[in-house]
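Below is one structure, written out as C-alpha cells; the observations come after it.
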Protein chains: 2
Amino acid sequence: MAARGAAQNKGPATAQAHQSHNHRECIDDALTRAREICAARDVQLTPLREKVLQIVWRSHKPVGAYDVLDELARSHKSARPPTVYRALDFLMGEGLIHKIESLNAYLGCTEAGAPHSGQFLICRQCGATEEIVDPKLEAALDQAAKRVHFSAEHKVVEISGLCARCAA
Amino acid sequence: MAARGAAQNKGPATAQAHQSHNHRECIDDALTRAREICAARDVQLTPLREKVLQIVWRSHKPVGAYDVLDELARSHKSARPPTVYRALDFLMGEGLIHKIESLNAYLGCTEAGAPHSGQFLICRQCGATEEIVDPKLEAALDQAAKRVHFSAEHKVVEISGLCARCAA
DNA sequence: ACACGGGCTGTTATCTTGTAACATTGCGCC
DNA sequence: GGCGCAATGTTACAAGATAACAGCCCGTGT
C-alpha cells in the first residue's frame, strides 16, 4: 500500500472519476444532502464529522482511514485514530459513506438517504470507484440467498477491473 | 475481534457448517483434490502449504491468518507471519482457498479447479460460510459491469446475515 | 564434481488498519 | 447547581499484512 499521506493511486488529487466534472459540486451536493438527512433524523452532523465527510468526498477514490487522519490533522491537531474511526462509523451508520472491504477504504455514498449496501465498480488503474444501483443485480442477490433460506442483512458487492477510460 | 488464538465464533472447532456432516470427508476430499490440481499444473503443494490448507479446512468458518499461524506453530515452530501469508497467497493463486474480504479471513474453496471469484453467504451468528455458485447472479454482475463499459476482473460478493439454522 | 539458478522457507523488523478503555468537555434538563 | 448524556480527547495496544534479506535444497549444464 502507498505511504501514509500519499494518494493511493495516480491521478490528480481532485480525482475526476468518471469523466471530467465539477467536483466542487459533488462535494457541495453531498454535504448539503448530509445536513438535510441528519437534520431530518435529528442526529448531529458535528463540524468534526462534516470535515471527515468532506475529506472522504475529496475524490471519487476510496480513501483509507489513516489518509483521512493525515488530512484531518492539518486542521485538527488533536486528531487520533479513534477520532477518525468514530466519525467514519457515524457516517456509515447514517449511510453517508460506504466501506470498500476489498481496499479497507471509505467512499462517499452517492445514494445517501435510503439504506442500502451498495455495489461498486473499482478501477485498479485509476482508483476511481463508482457506486451503481442495479435492481436486477439486487434481485439476483436476494434470490441466491433465498434459495438456501439464508436471511440476508448486508451485501458486499465489489467488482474490480478497468473502467471505460482506463481500458481505452 | 477475538483475541489471537481464540476461535472467531462460537461453536465447536470442528464446525459443522450447514448441517451435521462428516467433516473429515470434507477435508480429505479437499486435500485430495488439491493434490490432483497441483500435480496437473506442475506446481508444488509442499508439506507446509498442505498443512496450511488443512488448517483452513478445519471448519467451514473463515479463519484469520493469525489463527492459522497459531495452529501452524504447534507443529512448526519456525512459523511466522510471512510463512502463513506466503502459503495463503499460493493457495489463493491456485484457487484452493478464498479470502473473505469483509472478515479479513480465509476459507477453503469448494469449487477448486475452475478459476472463479466466489460468492459467499456468511452467517453472523455461527460463522458458517457457504460458497455458492449462481449463474444468474454471475450474469447479473457481468451485465452490471458491461452496462457502463467496465471491464470486470475480480468480483467480491459476500452476503452476511443468518443461515437457515440460526434464523430458526 | 561443481558452479549456477530458481523456488521455497527462515528471520527480523516494520508498516497499516482498527479498538479498548478511561478521561474530559459541553450542554440540556430538572 | 448538579445530573446525565453525547461527543471528543488521550493513551495504549491488538490485529492484519508486507519488506527485505539470508539460507537451503535440488536440478541442470559443463
Side-chain angles (χ1 to χ4, degrees), chain A residues 1-9 38-39 41-53 55-56 62-73 75-94 96-107, chain B residues 1-9 38-39 41-53 55-56 62-73 75-94 96-107:
Chain A
M1 179 150 295
R4 284 190 190 175
Q8 305 191 93
N9 290 286
C38 290
R41 291 178 189 166
D42 203 27
V43 295
Q44 300 183 56
L45 186 63
T46 63
L48 181 61
R49 289 166 175 173
E50 187 169 321
K51 180 73 183 170
V52 168
L53 180 58
I55 291 170
V56 170
V63 54
Y66 280 74
D67 287 341
V68 172
L69 176 55
D70 287 343
E71 188 60 33
L72 180 62
S75 64
H76 194 99
K77 293 197 180 168
S78 71
R80 296 284 180 276
T83 317
V84 169
Y85 282 104
R86 283 169 186 152
L88 292 174
D89 285 347
F90 170 84
L91 295 170
M92 280 195 286
E94 299 303 325
L96 300 173
I97 63 173
H98 292 287
K99 179 172 186 182
I100 306 299
E101 297 288 353
S102 57
L103 297 176
N104 293 321
Y106 304 82
L107 183 69
Chain B
M1 177 149 298
R4 284 190 186 174
Q8 305 190 92
N9 289 286
C38 290
R41 292 180 189 165
D42 203 26
V43 296
Q44 300 183 54
L45 185 62
T46 64
L48 180 63
R49 290 166 174 174
E50 187 168 322
K51 179 72 184 170
V52 168
L53 180 58
I55 291 171
V56 171
V63 54
Y66 279 76
D67 287 343
V68 172
L69 176 55
D70 287 344
E71 188 59 33
L72 181 62
S75 64
H76 195 99
K77 293 195 181 169
S78 71
R80 297 282 180 277
T83 317
V84 169
Y85 282 103
R86 283 168 187 156
L88 292 174
D89 285 347
F90 170 84
L91 295 170
M92 280 195 287
E94 299 303 325
L96 300 172
I97 64 173
H98 292 287
K99 179 173 187 182
I100 306 299
E101 298 288 353
S102 57
L103 297 176
N104 294 320
Y106 304 82
L107 183 69

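Letters A, B, ... are given to chains in the order of the sequence lines, protein chains preceding strands, and every chain is numbered from 1. Note that these values count all heavy atoms, side chains included, but never hydrogens, waters or copies made by symmetry.
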Practice task
Show your reasoning for whether side-chain contact (heavy atoms from CB on, under 4.5 Å) applies to A:Phe90 and A:Leu45.
Solution key: CA-CA 9 Å; A:Phe90 170 84; A:Leu45 186 63; 4.2 Å; yes

N/O donor to acceptor pairs below 3.5 angstrom from side-chain atoms of residues 46-53 of chain B, sequence neighbours left out:
residue, atom, partner, partner atom, Å
B:Thr46, OG1, B:Arg49, N, 3.3
B:Arg49, NH1, B:Gln44, O, 2.7
B:Glu50, OE1, B:Arg35, NE, 3.4
B:Glu50, OE2, B:Arg35, NE, 3.3
B:Glu50, OE2, B:Arg35, NH2, 2.7

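The distance from atom CG of B:Asp67 to atom P of D:dG16 is 7 Å, rounded to the nearest whole Å. Summarising the geometry, the separation between NZ on B:Lys51 and C1' on C:dT9 is reported as 17 Å, rounded to the nearest angstrom. If you measure from atom CG of B:Asp89 to atom C1' of D:dA19, you get 13 Å, rounded to the nearest angstrom. If you take CG of A:Leu48 and P of D:dT10, they are 13 Å apart, rounded to a whole angstrom. For the pair B:Leu103 CG and C:dT17 P, the interatomic distance rounds to 18 Å; values are reported in whole Å. The nearest whole Å value for the distance from the CG atom in B:Asp42 to the P atom in D:dG27 is 13 Å. Look at CD on B:Glu101: it is 20 Å from P on D:dA15, rounded to the nearest Å. The CG-P distance, from A:Leu72 to D:dT10, rounds to 13 Å in whole Å.
Here the CG-OH distance, from B:Leu69 to B:Tyr85, works out to 9.0 Å after rounding to the nearest 0.5 Å.
Annotation: the terminal axes of the helix from C:dA1-D:dT30 to C:dC30-D:dG1 meet at 10°, where each axis is the rotation carrying the C1' atoms of four end pairs onto the next four (5 pairs per end, rounded to 10°).
Taking only side-chain nitrogens and oxygens, B:Lys99 comes nearer than 4.0 Å to OP1 or OP2 of D:dA17. Applying the 4.0 Å criterion to OP1 and OP2 of D:dA17, one finds that B:Tyr106 has a side-chain N or O inside that range. Between A:Gln44 and the phosphate of D:dA7, there is a side-chain N or O to OP1/OP2 separation shorter than 4.0 Å. Taking 4.0 angstrom as the limit, A:Asn104 places a side-chain polar atom (N or O) nearer than this to OP1 or OP2 of C:dG18. Here A:His76 does not reach the OP1 or OP2 of D:dT8: none of its side-chain N or O atoms lies under 4.0 Å away.
Using a 4.5 Å cut-off on side-chain heavy atoms (C-beta onward), A:Leu88 and A:Val56 make contact.
In this structure, A:Val84 and A:Ala65 approach most closely via the heavy-atom pair CG1-O, 3.6 Å. For the pair B:Ala105 and B:Pro62, the tightest heavy-atom approach, listed with the atom from each and the gap, is CB-CB, 3.6 Å.
Applying the 5.5 angstrom centroid cut-off and the 30 degree plane-angle cut-off, the aromatic ring of A:Tyr66 is not stacked upon the base of C:dT16.
Every side chain to side chain contact (heavy atoms under 4.5 Å, CB included) that B:Glu101 has, sequence neighbours left out, goes to A:Glu101, A:Ser102, B:Lys99, B:Val156, B:Glu158. Every salt bridge (charged side-chain N to carboxylate O under 4.0 Å, His left out) that B:Glu71 has, sequence neighbours left out, goes to B:Arg58, B:Arg74. Take A:Thr83 and apply the side chain to side chain donor-acceptor pair (under 3.5 Å) test, not counting sequence neighbours, and it matches no residue.
With C:dC8, D:dG9, D:dA7 as the candidates, the nucleotide lying closest to the side chain of A:Ser78 is D:dG9.
The stretch residues 79-87 of chain A touches DNA chain D through A:Arg80, A:Pro82, A:Thr83, A:Arg86, each having a heavy atom within less than 4.0 Å of the strand.
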